[in-house]
Amino acid sequence: MHRILPALLTCGLTLALAAPASAQLLAARENPFAVGRHHLNVTDVEAHKRFWAELLGGRMAKFGKTEVVKLPNTLLFLQEQAPTGESNGSTVNHLGFKVPDLHGLVPRLKAAGIEIVTTEVVAGATSDVHHNTAQNVYMAFAKGPDGVRVELMENKELDGIDSHHIHIFTDDDEATQAWYVKHFGGKPGTRGPFRKADVPGIELTFAKATDPVEPTKGRAVDHIGFEVDDLESFCKRLEAEGVKLDVPFRKIESSGLSVAFLTDPWGTYIELTEGLDKF
């Protein structure tokens with residue numbers, strides 16, 4: 001059994017009694033398939049709490065012994081375990097969020113010791129906050145604790161942070177997009193130079209990697225997650241389409257949750273849940 005599952009079972013007893021942490025998963029409440037929760041492997045939980053909650057504006061909850069960051073349409077589970085590497089270098093290169101005041105946020109991040117790596121990541125960028133003229137958006141890249149790379153994009157109409165995208169790097173961005181469109185029902189399109197597949201609550205963005213990338217399992221972003229209605233039927237359909245499940249569908253009776261795990265053909269580890277949107 002995969003190491004994440006026992007922790008999930010332990011958390012299940014608390015989930016049923018906890019405050020409605022996943023009231024954040026609004027897209028999952030309104031759609032049969034939507035973004036859900038992601039798991040980070042972290043060496044210092046307090047450092048992540050400062051980064052995600054105090055600096056970026058997430059809210060904290062605790063399920064069993066697991067600290068959870070609540071963000072709009074995304075829950076980040078902080079698994080206390082040293083990662084095998086940063087998110088950069090794995091298939092999930094970074095997580096993207098929109099913020100209302102990027103120009104004000106970046107100095108606060110730097111003052112708190114967070115490294116801003118915009119000029120290393122964005123071709124042609126000469127400052128921490130870069131104006132992407134093609135998309136008419138101000139953007140910055142931060143290197144969070146344990147090397148979790150985060151893209152921040154400014155949207156002044158927001159009241160606080162909001163989920164925007166998961167950026168997946170593979171050796172074949174076209175095939176990756178087609179896989180997520182076929183199996184996850186993503187709506188295909190493009191954003192600037194990137195292919196994408198939109199699912200409720202998040203954009204899945206795909207890039208062609210210039211260097212080899214490693215699977216996510218064990219890295220700082222261990223796996224990404226989606227909330228699915230009628231998960232058992234969904235898993236049967238995936239298997240009928242030739243998708244192998246690493247952890248088959250199963251119910252956790254104590255919490256009312258159902259879960260399954262799989263790995264996409266390029267190494268992105270994925271958790272599927274049902275019932276998380278009810279808490």
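Here the structure is a predicted model, which means the values were calculated and not measured.
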With the threshold set at 4.0 Å, does a side-chain nitrogen-carboxylate oxygen contact exist between Glu46 and Arg50? no

Is it true that Ile116 and Phe51 fall in one hydrophobic cluster, defined by side-chain heavy atoms closer than 4.5 Å? yes

Of Lys110, Lys143, Arg108, which meets salt bridge (Lys or Arg N to Asp or Glu O under 4.0 Å) against Asp128? Lys110

Of the non-hydrogen atoms in Pro100 and Leu158, which two are nearest, and what is the gap between them? CB-O, 3.2 Å

Does the Arg37 side chain pair with the main chain of Glu227, one donor and one acceptor, at a distance under 3.5 Å? no

Has Gln135 got more than 12 heavy atoms of other residues, nucleotides or ligands less than 6.0 Å from its CD? yes

Indicate the atoms forming the closest heavy-atom contact of Ala142 with Leu109, along with that distance. CB-CD1, 4.4 Å

Less than 4.5 Å apart, side chain to side chain, heavy atoms only: is that true for Thr263 and Lys217? no

Determine yes or no for a side-chain-to-main-chain donor-acceptor pair under 3.5 angstrom, with Thr74 supplying the side chain and Ser163 the backbone. no

Any donor-acceptor pair under 3.5 Å linking the side chain of Ser87 with the backbone of Asn93? yes

Using atom types as modelled and distance alone, determine if a side-chain donor or acceptor of Glu274 lies under 3.5 Å from a backbone N or O of Asp230. yes

Quick one about Ser90 and Glu214 (side-chain donor to acceptor, distance below 3.5 Å, no hydrogens or angles considered), yes or no? no

Grab the two heavy atoms, one from Lys208 and one from Asp171, that are nearest each other, plus how far apart they are. NZ-O, 2.6 Å

Contact between Tyr180 and Thr268 at the side-chain level, heavy atoms closer than 4.5 Å - yes or no? yes

Find the distance between CZ (Arg191) and CD (Glu203) and round it off to the nearest 0.5 Å. 4.0 Å

Between His94 and His167, how do the two ring planes meet: parallel, tilted or perpendicular, split at 30° and 60°? tilted

Begin from the C-alpha positions of Gln79 and Val42 and carry the test side-chain contact (heavy atoms from CB on, under 4.5 Å) through to its verdict. CA-CA 6 Å; Gln79 178 83 8; Val42 308; over 6 Å; no

In this structure, OG1 of Thr273 is separated from CG of Leu75 (nearest 0.5 Å) by 9.0 Å

Starting at CG of Leu257, measure out to CZ of Arg250 and round the result to the nearest 0.5 Å. 13.5 Å

Consider only side-chain heavy atoms of I, L, V, M, F, W and Y, link residues closer than 4.5 Å, and tell whether Leu71 and Val45 are in one cluster. yes

Side chain proximity check, Val259 to Ile252, heavy atoms < 4.5 angstrom: yes

Within 6.0 Å of NZ in Lys196, more than 12 heavy atoms from elsewhere: yes

Identify the two heavy atoms, one from Gly104 and one from Pro107, that lie closest to each other, and give their separation to 0.1 Å. O-CD, 3.4 Å

Hey, is the main chain of Arg149 close enough, under 3.5 Å, to the side chain of Asn88 for a donor-acceptor pair? no

Lys49 side chain near Glu54 side chain, heavy-atom distance below 4.5 Å: no

Note, Thr118 side chain near Val129 side chain (heavy atom, < 4.5 Å): no

Side-chain H-bond candidate by donor/acceptor type, His165 with Glu151, under 3.5 Å: yes

Could you check whether any side-chain heavy atom of Pro215 comes within less than 4.5 Å of a side-chain heavy atom of Tyr269, counting everything from C-beta outward? no

Applying a strict under-4.5 Å side-chain criterion to I, L, V, M, F, W and Y, I'd like to know whether Val181 and Ile270 cluster together. no

So if you build clusters from Ile, Leu, Val, Met, Phe, Trp, Tyr with side-chain heavy-atom gaps below 4.5 Å, do Leu55 and Met153 land together? no

Does Leu245 reach the side chain of Glu239, with side-chain heavy atoms less than 4.5 Å apart? yes

So do Val150 and Trp52 actually touch side chain to side chain, heavy atoms under 4.5 Å? yes

Separation of Leu152 CG from Met139 CE (nearest 0.5 Å): 9.5 Å

Any side-chain to backbone donor/acceptor pair from Glu67 onto Leu76? Under 3.5 Å, distance only. no

Would you find more than 12 non-hydrogen atoms of other residues, nucleotides or ligands less than 6.0 Å from Lys236 atom NZ? no

What about Ile161 and Phe141, same hydrophobic cluster or not, with Ile/Leu/Val/Met/Phe/Trp/Tyr joined at side-chain heavy-atom distances under 4.5 Å? no

Could you give me the CA-CA distance, side-chain angles and deciding distance for Leu56 and Leu105, then say whether side-chain contact (heavy atoms from CB on, under 4.5 Å) is met? CA-CA 8 Å; Leu56 294 185; Leu105 174 61; 3.8 Å; yes

Between Gln177 (side chain) and Arg195 (backbone), is there a donor-acceptor pair under 3.5 Å? no

Can we call the ring centroids of Tyr138 and His131 under 6.0 Å apart? yes

Give, for atom OG1 of Thr176 and atom CG of Leu204, the distance between the pair rounded to the nearest 0.5 Å. 11.0 Å

N/O donor-acceptor pair under 3.5 Å between Glu271 side chain and Phe226 backbone: no

Whether Thr216 side chain and Asp222 backbone form a donor-acceptor pair below 3.5 Å: yes

Is the backbone N or O of Val148 less than 3.5 Å from a side-chain atom of Asp146, with the two atoms forming a donor-acceptor pair by type? no

Would you call the rings of Phe184 and Phe33 parallel, tilted or perpendicular, where under 30° means parallel and over 60° means perpendicular? tilted

Approximate separation, where rounding is to 0.5 Å, of Asp173 CG and Trp266 CH2: 10.0 Å

Locate the shortest heavy-atom distance separating Pro83 from Ala220; write the atom from each residue and the value. CB-N, 3.6 Å

Please report the shortest heavy-atom distance between Leu262 and Leu272, naming the atom on each side. CD2-CD1, 3.5 Å

